[in-house]
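Numbers here simply count residues along the sequence, with the first being 1.
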Amino acid sequence: MAVAAIMAVQPAPVATSTLRLMYEDGSGGPVTVALTCDPAGGGHPRAAEACAALAVVGADPGRLSPGDTYCYLVFRPVTAQVTGVWRGRSVTWRHTYGNDCELARATGVLFEF
């Protein structure tokens, strides 16, 4: 009598993502927070939402859909940066916005820390 083997197919585990998010607005030193995803954690106060936003765009904040907030026309540059590893691949992103309102409009929850 032959015995059939039953194999359970399990999805491959998703690699943990570890990122460092930073912004600097010239009023002091940079503000930095750690963000881990899969599972969500780190020092980001809204880690799960930030991870979900990054998952939609493959960890490229430049591809996030901007909000519809009106921003004031004051030039006070803010540079934002994301570095680290997203699901096994290296991530480096940096962009300078005209002010903190433009940063918030473009990146949503990602830099809300």
Just verifying a value: how many Å separate Tyr97 OH and Phe75 CZ, rounded to the nearest 0.5 Å?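 Answer for the OH-CZ pair, Tyr97 versus Phe75, is 14.0 Å.
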Can you tell me how far CZ of Arg46 sits from CZ of Phe111, rounded to the nearest 0.5 angstrom?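 With rounding to 0.5 Å, CZ (Phe111) is 14.0 Å from CZ (Arg46).
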Between the side chains of Thr79 and Thr96, does any donor sit under 3.5 Å from an acceptor?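 Thr79 vs Thr96: donor-acceptor pair found between side chains.
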For Tyr72 and Asp100, which I'm curious about, is there any donor-acceptor pair between the side chains at under 3.5 Å?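 Their side chains do contain a donor-acceptor pair, which is all the 3.5 Å distance test asks for.
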Using modelled atom types and a 3.5 Å cut-off, is there a donor and acceptor pairing between side-chain atoms of [X] and backbone atoms of [Y]?
{"X": "His44", "Y": "Glu49", "answer": "no"}
{"X": "Arg63", "Y": "Val57", "answer": "yes"}
{"X": "Arg20", "Y": "Thr83", "answer": "no"}
{"X": "Asn99", "Y": "Pro77", "answer": "no"}

Angle between ring planes, Tyr23 versus Phe113, binned at 30° and 60°: parallel, tilted or perpendicular?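 Ring orientation of Tyr23 relative to Phe113: tilted.
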Would you call the rings of His95 and Trp93 parallel, tilted or perpendicular, taking 30° and 60° as the class edges?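 Ring orientation of His95 relative to Trp93: parallel.
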Quick check on the hydrophobic clustering: are [X] and [Y] connected, directly or via other members, by side-chain heavy-atom contacts under 4.5 Å?
{"X": "Leu35", "Y": "Trp86", "answer": "yes"}
{"X": "Val31", "Y": "Met22", "answer": "no"}
{"X": "Leu64", "Y": "Val78", "answer": "yes"}
{"X": "Val56", "Y": "Val109", "answer": "no"}

At their closest point, which heavy atom of Pro61 faces which heavy atom of Val82, and how far apart are they?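 It is CG-CG2, 3.8 Å.
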State, to 0.1 Å, how close Glu112 and Pro45 come at their nearest heavy-atom pair, and which atoms those are.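 Closest heavy-atom pair between Glu112 and Pro45: O-CG, 3.5 Å.
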Side chains of Leu19 and Val85 in contact at under 4.5 Å (non-hydrogen atoms):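 When only atoms from C-beta onward are counted, Val85 and Leu19 do not touch, as no gap falls below 4.5 Å.
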Below 4.5 Å, heavy atoms only, C-beta onward: do Arg87 and Asp38 meet side chain to side chain?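 Side-chain contact under 4.5 Å: yes.
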Test Cys101 against Leu103 for side chain to side chain contact (heavy atoms under 4.5 Å, CB included), laying out the working first. CA-CA 5 Å; Cys101 179; Leu103 168 65; over 6 Å; no
